[in-house]
Chemist: 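Below is the structure I would like to discuss, written out as structure tokens.
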2 protein chains.
Amino acid sequence: MPRHTSDVAPRAPSRQRLVQAASELLRHQGLAATGVKQILTAADAPFSSLYHHFPGGKEQLAGEAVLAAGGFYQQQVEAVWDAAPDLASSIAAIFDGAADELLASDYADACPIATVALEVASTSESLRRATAQVFDAWIAAASSRLTAAGIPAGQADGLAQAIIALLEGAFILARASKSTQPMRGARDAALTLIDQRLAT
Amino acid sequence: MPRHTSDVAPRAPSRQRLVQAASELLRHQGLAATGVKQILTAADAPFSSLYHHFPGGKEQLAGEAVLAAGGFYQQQVEAVWDAAPDLASSIAAIFDGAADELLASDYADACPIATVALEVASTSESLRRATAQVFDAWIAAASSRLTAAGIPAGQADGLAQAIIALLEGAFILARASKSTQPMRGARDAALTLIDQRLAT
DNA sequence: GTCTATAGAAGGATAGAC
DNA sequence: GTCTATCCTTCTATAGAC
């Protein structure tokens, strides 16, 4: 029986590489500043593969990139959350991990969808919905974990939303100032909010 | 003595109109999606006035627009803050005012510089500095008011930063979901943080 | 599925007359 | 300071051969 024609590790298919490359570029510089040619170059994909795989063009690719990046980031955070021994440790680890990622990337790798979310909120209804869908999934995942950790069910959604707001806001301040200090402050604030809810 | 050649109320000079128009467009759709021709049209300014008043082109105009918008927004918030009878009322009024502005503008008028801040953080050092300067001014103004209201001096800066992070994060979530609910949740979280710090 | 070529519009910026 | 005209690049998207 003949083996595969090549024994080198196969690359991901070009469609997947395009989504991956688009996700990274959107995270670093947003949607409007990212050209389709730039995405194609980064993905090392043939030019016409874009409109072959994404008949909707840039908007369709961006939508899939937002959903993929949002899902991937959620998995990352959930892994950190679930690895910590208690709720406070989980929250601290998430904010500390965000600070580490900012430092390691020279403040390029922050929230993968916040920039796009602000850009498209008033200009593209389909992309706005994609960003909203990601945030909703994040809030739902955090809320269920908060409930499991003893936060009253009626307060878990609001607390999850506030913690994510703190994280997003800290990303903005940290990238603008090139400092991880806002991220540490946001961590402490999030821990305060949790303590107060658990004490009730 | 002849009067002025016209008795109609004079418009602001074109330079000022360009900064104003740029500020509004950046707030709604960000930097990369905003063209200089679009700014000129919105300002009703003659084409060549752009490079006459701003030899640095789009980047210089954007920088001035960020600083102007940041200063104007700070004045707005300070007026709301100082009009309220106590600290908790001030904080509540600021978040409620942000929610009102979102509703009134169909979720277009959020933070005037957050979108640009995320877009340029890794792509334009001069504009990144402009956004950082605005955030620093906001934090300093909030911190001094927190100190005056009884927050220990060593905690005022961090608390101010956390409150602004909550506001920024809530803007993102609110615009993405087209709901003011994240803004109300952020308000309650900010009030909790203040209570906890005052109780210490 | 991939290739080259190119359309057609919009981007930022400049020149030179007035 | 303002006017019109224009340069050159980049953008998204499509056509048609292979």
Side-chain angles (χ1 to χ4, degrees), chain A residues 4-6 10-26 28-66 115-116 119-120 122-127 130, chain B residues 4-6 8 10-26 28-66 115-116 119-120 123-127 130:
Chain A
H4 298 298
T5 53
S6 166
R11 291 194 304 174
S14 67
R15 188 181 205 286
Q16 190 176 330
R17 293 207 312 280
L18 282 169
V19 173
Q20 171 73 19
S23 296
E24 290 173 10
L25 288 166
L26 295 187
H28 293 162
Q29 58 189 19
L31 175 67
T34 301
V36 294
K37 294 180 183 176
Q38 190 180 11
I39 299 171
L40 285 160
T41 301
D44 193 26
F47 190 93
S48 36
S49 66
L50 199 168
Y51 294 96
H52 177 75
H53 292 300
F54 305 91
K58 185 185 187 181
E59 181 143 350
Q60 184 188 351
L61 172 56
E64 295 201 23
V66 163
T115 312
V116 177
E119 283 183 282
V120 304
S122 302
T123 58
S124 166
E125 185 60 13
S126 73
L127 288 177
Chain B
H4 299 299
T5 54
S6 166
V8 299
R11 292 195 304 175
S14 68
R15 189 181 204 286
Q16 189 176 331
R17 293 206 313 279
L18 282 169
V19 173
Q20 171 73 19
S23 297
E24 290 173 11
L25 287 166
L26 296 187
H28 293 160
Q29 59 188 21
L31 176 67
T34 301
V36 294
K37 295 176 186 177
Q38 188 181 12
I39 299 172
L40 284 160
T41 300
D44 193 25
F47 191 95
S48 37
S49 66
L50 200 168
Y51 295 96
H52 177 76
H53 292 298
F54 304 91
K58 185 185 185 181
E59 181 142 349
Q60 183 187 351
L61 173 55
E64 296 202 24
V66 164
T115 312
V116 176
E119 283 183 284
V120 303
T123 58
S124 165
E125 185 61 12
S126 73
L127 287 178

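Worth saying up front: this structure is predicted, and the values here are computed from it rather than measured. Naming: A, B, ... by sequence-line order, numbering from 1 per chain.
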Chemist: Would the distance check show the side chain of B:Ser14 and the main-chain N or O of B:Ala45 forming a donor-acceptor pair, the cut-off being under 3.5 Å?
Modeler: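 Looks like no, no N/O pair under 3.5 Å.
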Chemist: Can you tell me how far C1' of C:dT4 sits from CG of A:Leu40, to the nearest Å?
Modeler: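 Roughly 14 Å, once rounded to whole Å.
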Chemist: How long is the span from the OG1 atom in A:Thr34 to the NZ atom in A:Lys58, to the nearest 0.5 Å?
Modeler: 6.5 Å
Chemist: Would you say B:Glu119 and A:Thr115 are linked by a side-chain donor-acceptor pair, where the criterion is simply a distance under 3.5 Å?
Modeler: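 Not at all, the side chains of A:Thr115 and B:Glu119 share no donor-acceptor pair under 3.5 Å.
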Chemist: B:Leu25 has an atom CG; how far is it from atom P of C:dG12, in whole Å?
Modeler: 12 Å
Chemist: For a quick check under 3.5 Å, do B:Glu24 and B:Gln20 share a side-chain donor-acceptor pair by atom type?
Modeler: yes
Chemist: Taking B:Thr123 for the side chain and A:Gln29 for the main chain, is one N or O donor matched with an acceptor at less than 3.5 Å?
Modeler: no
Chemist: Would you give a per-nucleotide map of nucleotides 3-18 of chain D, 5' to 3', where B means the base has a protein non-hydrogen atom under 4.0 Å away, S means only the sugar-phosphate does, and - means neither?
Modeler: B-------BBBB----
Chemist: In this structure, how many angstroms lie between the P atom of D:dT2 and the CG atom of B:Asp44, rounded?
Modeler: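 Value for this atom pair: 12 Å.
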